[in-house]
Number of protein chains: 2
Amino acid sequence: METVPELACPIAPVVDLVFSRWTTPILWTLNEYGRQRFVELERRIGTITPKVLTQRLRQLERDGLVTRTYHPEVPPRVEYEISELGRSLAPIFHNLADWSKRNLAQVDEARSRYDENN
Amino acid sequence: METVPELACPIAPVVDLVFSRWTTPILWTLNEYGRQRFVELERRIGTITPKVLTQRLRQLERDGLVTRTYHPEVPPRVEYEISELGRSLAPIFHNLADWSKRNLAQVDEARSRYDENN
DNA sequence: GTAGTCACTTTCCTCTAGGTACCTACTAAC
DNA sequence: GTTAGTAGGTACCTAGAGGAAAGTGACTAC
């Protein structure tokens, strides 16, 4: 009998790692469009603020899912790339996209049904 | 060029659905231990409060991932069960557990390396 | 007549993630 | 000399999620 929530659910740590706020769009974009600069990420994701993007990128770098390359030029140039470890998540992302395609409509139906009956 | 974050990342909706706070432990527990009552869930998950458990269960029921059965007895008895739609997520959970087993150590190593170099 | 069980509900409170806005150094270009 | 551009950093503020604690209703057992 464990009181620690991590042990009640073995995937809790990886969920924290991969599916915390903003990390999915960042990893997805890096995986989809390859190595790119800070502003490119910012524009592609669209609604993220630079402060939060920096925070999340630092965290992902620390976790070894993203590689940061700093070029000391003027103006400065920094490139972000998904690491090999990060790329190993691609099949899971693919599975999720697949599940989404197949079942998201059922979720919408369930919601409509639930809302009709209050 | 889309500014909507959902379109920048096709799996954003399913991430919101499945990996928002507390939903993973709940779904995992229901999938692992089968149909069970409110208090059983509460005890197994351990640190969740009744208020939040109710909220999350309602949401999962609305999304069609969980089935709720109310028995009008005294004291009242309510049973929760994972739905077929919910069960279709099991392979994804399995993949995550698998990835976790294989790669979580590398994440720890990456963190140690990062923290050493400040 | 009081305590206990269950599945919540309600009220109040805290805490922190995230947003806004502004600042930084450095140089080129106008 | 001022404007632009990059990759952030910093200070301040707010909304909302979530926790704590107590209440509820209906019945039973003691």
Side-chain angles (χ1 to χ4, degrees), chain A residues 3-6 8-9 12 15-26 29-30 33 35-63 66-81 114 118, chain B residues 3-6 8-9 12 15-27 29-30 33 35-63 66-81 114 117-118:
Chain A
T3 51
V4 184
E6 278 85 26
C9 174
V15 170
D16 274 4
L17 191 69
V18 181
F19 299 109
S20 60
R21 193 115 205 264
W22 289 118
T23 57
T24 327
I26 292 173
T29 305
L30 283 176
Y33 299 95
R35 159 190 287 237
Q36 56 200 289
R37 308 178 59 172
F38 189 86
V39 277
E40 295 182 271
L41 271 170
E42 201 178 345
R43 284 171 195 152
R44 285 216 172 89
I45 297 174
T47 55
I48 197 169
T49 61
K51 177 189 139 193
V52 175
L53 182 53
T54 305
Q55 283 179 350
R56 291 284 91 92
L57 283 170
R58 286 282 183 284
Q59 182 191 317
L60 289 169
E61 190 197 356
R62 189 175 105 98
D63 294 339
V66 159
T67 310
R68 188 182 114 111
T69 316
Y70 178 73
H71 304 272
E73 307 166 357
V74 170
R77 189 161 60 90
V78 178
E79 288 182 315
Y80 293 94
E81 198 178 3
Y114 185 93
N118 278 14
Chain B
T3 51
V4 184
E6 276 85 25
C9 176
V15 169
D16 274 2
L17 191 71
V18 181
F19 299 108
S20 59
R21 191 113 207 260
W22 288 119
T23 58
T24 328
I26 293 173
L27 286 175
T29 304
L30 284 175
Y33 299 95
R35 161 190 287 238
Q36 56 199 290
R37 307 177 60 173
F38 188 87
V39 276
E40 296 180 89
L41 270 171
E42 202 178 343
R43 284 171 197 151
R44 286 216 170 90
I45 298 175
T47 54
I48 197 169
T49 62
K51 177 189 137 193
V52 176
L53 182 54
T54 305
Q55 283 178 350
R56 292 284 90 93
L57 283 170
R58 288 279 185 287
Q59 182 192 317
L60 289 169
E61 191 198 354
R62 190 175 103 99
D63 294 338
V66 159
T67 310
R68 187 183 114 110
T69 316
Y70 177 74
H71 305 272
E73 307 166 355
V74 171
R77 190 162 59 90
V78 179
E79 289 181 315
Y80 293 94
E81 198 177 2
Y114 185 93
N117 309 0
N118 278 12

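In what follows, chains carry the letters A, B, and so on, assigned in the order in which the sequence lines appear, proteins first and then strands, with residues in each chain numbered from 1. Worth saying up front: this structure is predicted, and the values here are computed from it rather than measured.
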J.: Between D/dG18 atom P and B/Trp22 atom CH2, what is the distance in whole Å?
T.: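 Rounded to the whole Å, the gap is 9 Å.
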
J.: Without decimals, in angstroms, what is the distance between A/Arg43 CZ and D/dA7 P?
T.: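 Interatomic distance, CZ of A/Arg43 to P of D/dA7: 9 Å.
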
J.: Between the two end axes of the helix from C/dG1-D/dC30 to C/dC30-D/dG1, each built from 5 base pairs, what angle do you get to the nearest 10°?
T.: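 Nearest ten degrees gives 30° for this helix.
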
J.: C/dT5, OP1 or OP2 - any side-chain N/O from B/Arg77 closer than 4.0 Å?
T.: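 No, outside the criterion.
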
J.: Considering all heavy atoms of both residues, which atom of B/Ser20 and which atom of B/Leu17 are nearest to each other, and what is their separation?
T.: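 For B/Ser20 versus B/Leu17, the nearest heavy atoms are OG-O, 4.2 Å.
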
J.: Roughly how far, to the nearest 0.5 Å, is CD of A/Glu40 from CZ of A/Arg35?
T.: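 Between atom CZ of A/Arg35 and atom CD of A/Glu40 there are 11.5 Å.
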
J.: Taking protein heavy atoms under 4.0 Å as touching, what does nucleotides 23-30 of chain C look like 5' to 3' if B marks base contact, S marks sugar-phosphate-only contact and - marks none?
T.: ---BS---

J.: Can you check the B/Leu53 CG to D/dA17 C1' distance for me, whole Å?
T.: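 The distance from CG of B/Leu53 to C1' of D/dA17 comes to 16 Å, rounded to the nearest Å.
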
J.: Between C/dT9 and B/Arg58, is there an OP1 or OP2 to side-chain N/O distance shorter than 4.0 Å?
T.: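 It does, given that an N or O in the side chain of B/Arg58 lies less than 4.0 Å from OP1 or OP2 of C/dT9.
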
J.: Please determine whether side-chain hydrogen bond (donor to acceptor under 3.5 Å, both in side chains) holds for the pair A/Arg56 and A/Gln59, giving the CA-CA distance in whole Å, both sets of side-chain angles, and the decisive distance to 0.1 Å.
T.: CA-CA 5 Å; A/Arg56 291 284 91 92; A/Gln59 182 191 317; 3.1 Å; yes

J.: Return the value, rounded to whole Å, for the distance between atom NZ of B/Lys51 and atom C1' of C/dA7.
T.: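 About 16 Å, once rounded to whole Å.
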
J.: What pair of heavy atoms forms the shortest contact from B/Leu53 to B/Ile26, and how long is it?
T.: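 Smallest interatomic distance, heavy atoms only, reads CD1-CD1, 3.8 Å.
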
J.: Go through C/dC8, D/dG8, D/dG18 for me and flag the one nearest to the B/Arg21 side chain.
T.: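 Side chain of B/Arg21 sits closest to D/dG18.
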
J.: Whole angstrom is fine here: how far is it from CD in A/Gln59 over to P in C/dA17?
T.: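 Distance, rounded to whole Å: 10 Å.
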
J.: How many angstroms lie between CD in A/Gln36 and CG in A/Leu30, if you round to the nearest 0.5 Å?
T.: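 Separation between the atoms: 5.0 Å.
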
J.: Roughly, in whole Å, what's the span from CD in B/Gln36 to P in C/dA7?
T.: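 After rounding, the gap between these two atoms is 11 Å.
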
J.: Taking the side chain as everything from C-beta on, heavy atoms only, tell me whether A/Trp22 gets closer than 4.5 Å to A/Leu57.
T.: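 No; the side chains remain at least 4.5 Å from each other.
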
J.: Kindly give the heavy-atom pair with the smallest separation between A/Pro76 and A/Arg37, and that separation in Å.
T.: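 So the minimum-distance heavy-atom pair works out to O-NH2, 3.5 Å.
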
J.: Please state how far atom CD in A/Glu42 lies from atom P in D/dG8, giving the value in whole angstrom units.
T.: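 Distance, rounded to whole Å: 10 Å.
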
J.: Looking at the side chain of A/Val52, which of D/dG18, C/dG18, D/dA7 is the nearest nucleotide?
T.: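 Side chain of A/Val52 sits closest to C/dG18.
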
J.: Reckon B/Arg56 has a side-chain N or O less than 4.0 Å from the OP1 or OP2 of C/dC8?
T.: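 Answer is no, no contact under 4.0 Å.
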
J.: Does OP1 or OP2 of C/dC6 have a side-chain N or O of B/Tyr80 closer than 4.0 Å?
T.: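 Indeed not, no polar side-chain atom of B/Tyr80 lies that close.
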
J.: Mapping B/Ile48 and A/Thr54 onto DNA chain D by nearest heavy atom, which one lands closer to the 5' end?
T.: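 Here A/Thr54 is the residue nearer the 5' end.
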
J.: Can you tell me how far apart CG (B/Asp63) and CZ (B/Arg58) are? Round to the nearest 0.5 Å.
T.: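 That separation rounds to 13.5 Å.
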
J.: Would you say B/Thr23's side chain and B/Val18's backbone share a donor-acceptor pair under 3.5 angstrom?
T.: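 Side chain of B/Thr23 to backbone of B/Val18: a pair is present.
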
J.: In whole angstrom, give the distance that lies between atom CZ of A/Arg68 and atom P of D/dT6.
T.: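 Rounded to whole Å, this separation is 16 Å.
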
J.: Determine the interplanar angle of the B/Tyr80 and B/Phe38 rings, folded into 0 to 90°, and report it as parallel if under 30°, tilted if 30 to 60°, perpendicular if over 60°.
T.: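 Rings of B/Tyr80 and B/Phe38: tilted, 30 to 60°.
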
